[in-house]
Amino acid sequence: MSCIFCKIIAGEIPSYKVYEDKHTLAFLDIGPVNPGHTLVVPKKHFANIEEAGEETLCRVMKTVKKVGLSLKKNLGAVGYNILEANDPEAGQSVPHLHFHLIPRLPGDGLTFWPQKKYATGEAEAVLKKINMIK
Ligand code: 5GP
Ligand code: ZN
């Protein structure tokens, strides 16, 4: 077992646990964007969203909701960002499915990714490729 999050789940590597149930674990990210930055993982190893079953995803999202509520209620977060880097090419550095919960604190000054504009006809062309509503 070489996966660092599997080792955390197994208790072989210490972590600051925020929440735990039978199927999921939430623990503090070692390199927080803001204090309280939490990672939520399924206890079973899946590399990404496609590998995980729907039941697992539901369980993980339930834990995300619980942790998010605690960040607001108990940490004074005014909101939070949820981020999941799906695949190494998308910036995923640990190959065990995980959702970041980044508490937003008043005046934290964080900004996320820059946005582009569609050229004429580009949105329609893209939509033609990915639209699943037939
Ligand atoms: P990713 O880059 O895959 O989206 O996020 C991986 C996250 O895991 C990073 O934010 C990183 O700080 C965190 N991380 C990596 N190793 C450890 C560790 O050993 N313990 C904890 N608590 N977090 C870790
Ligand atoms: Zn793992």
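As the structure lists them, so they are numbered: ligands from 1, and atoms in each ligand from 1. Predicted model, so just to flag it, every value in this text is computed and none were measured.
Residue pairs meeting the side chain to side chain donor-acceptor pair (under 3.5 Å) criterion with at least one partner in residues 109-119, sequence neighbours excluded, do not occur; the list is empty.
Under a hydrophobic clustering in which Ile, Leu, Val, Met, Phe, Trp and Tyr are joined whenever their side-chain heavy atoms come within less than 4.5 Å, directly or via other members, Met61 and Tyr19 fall into the same cluster. Hydrophobic clustering places Ile13 together with Phe5 (ILVMFWY residues linked when any side-chain heavy atoms are closer than 4.5 Å, directly or through intermediates). Under the 4.5 Å side-chain heavy-atom criterion for Ile, Leu, Val, Met, Phe, Trp and Tyr, Val60 and Val18 are members of the same hydrophobic cluster.
A donor-acceptor pair is defined here as one N or O able to donate and one able to accept, closer than 3.5 Å; such a pair exists between the side chain of His98 and the backbone of His96. For the pair Glu51 (side chain) and Leu97 (backbone), a donor-acceptor distance under 3.5 Å is absent. No side-chain donor-acceptor contact under 3.5 Å links Asp87 to the backbone of Glu89.
A salt bridge between Arg59 and Glu55 is present, with a side-chain N of the basic residue lying under 4.0 Å from a carboxylate O of the acidic one.
Taking a heavy-atom cut-off of under 4.0 Å, ligand 1 is surrounded by Ile4, Phe5, Ile8, Phe27, Leu28, Asp29, Ile30, Gly31, Leu39, Ala85, Gly91, Gln92, Ser93, Val94, His98, His100.
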Donor-acceptor list for residues 34-44 side chains, cut-off 3.5 Å, not counting sequence neighbours:
residue, atom, partner, partner atom, Å
Asn34, ND2, Pro103, O, 2.8
Asn34, ND2, Asp108, OD2, 2.9
His37, ND1, Val33, N, 3.0
His37, NE2, His100, ND1, 2.8
Thr38, OG1, Gly36, O, 2.6
Lys43, NZ, Glu20, OE2, 2.9
Lys43, NZ, Asp21, O, 2.7

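Listed by chain and number, Cys3 SG, Cys6 SG, His45 ND1, His96 ND1 are the protein N/O/S atoms closer than 2.8 Å to the Zn ion (ligand 2), with waters left out.
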